[in-house]
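Keep in mind that the numbers below use all heavy atoms, side chains included, and drop hydrogens, waters and symmetry copies.
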Amino acid sequence: MMAKIKITQIKSVIDRSERQKKTVEALGLKKINHSVEVEATPAIIGMVRKVNHLVAVENI
């Protein structure tokens, strides 16, 4: 079983590229301060790295 991480959106996607907006949406985030708990798969970790300036990540 892989570790779980909690991802929280901390900044708006307004004035960001369409690719970053879609990545944040694909992570399951809807608005600022919304959090999701997901498995820390390589795909998820890669997505988080692409938008790390918009999100905060915690290990669970």
Close side-chain approach of P42 and M47, heavy atoms under 4.5 Å: no
Linking I/L/V/M/F/W/Y whenever their side-chain heavy atoms sit closer than 4.5 Å, directly or via other members, would V57 and L54 fall into one cluster? yes
side-chain contact (heavy atoms from CB on, under 4.5 Å) between I5 and I60, worked out: CA-CA 5 Å; I5 56 174; I60 298 179; 5.8 Å; no
Contact between K4 and E39 at the side-chain level, heavy atoms closer than 4.5 Å - yes or no? yes
Without placing hydrogens or testing angles, list every side-chain donor-acceptor pair under 3.5 Å for residues 23-36, not counting sequence neighbours.
| from | atom 1 | to | atom 2 | distance (Å) |
| --- | --- | --- | --- | --- |
| T23 | OG1 | R19 | O | 2.8 |
| H34 | ND1 | K30 | N | 3.2 |
| S35 | OG | T8 | OG1 | 2.7 |

For I45 and A40, work out which heavy atoms get closest and say how close. CD1-O, 3.7 Å
When you measure from the side chain of Q20 to the backbone N and O of K22, does any donor-acceptor pair fall under 3.5 Å? no
So, do H53 and R16 sit near enough that their side-chain heavy atoms are less than 4.5 Å apart? yes
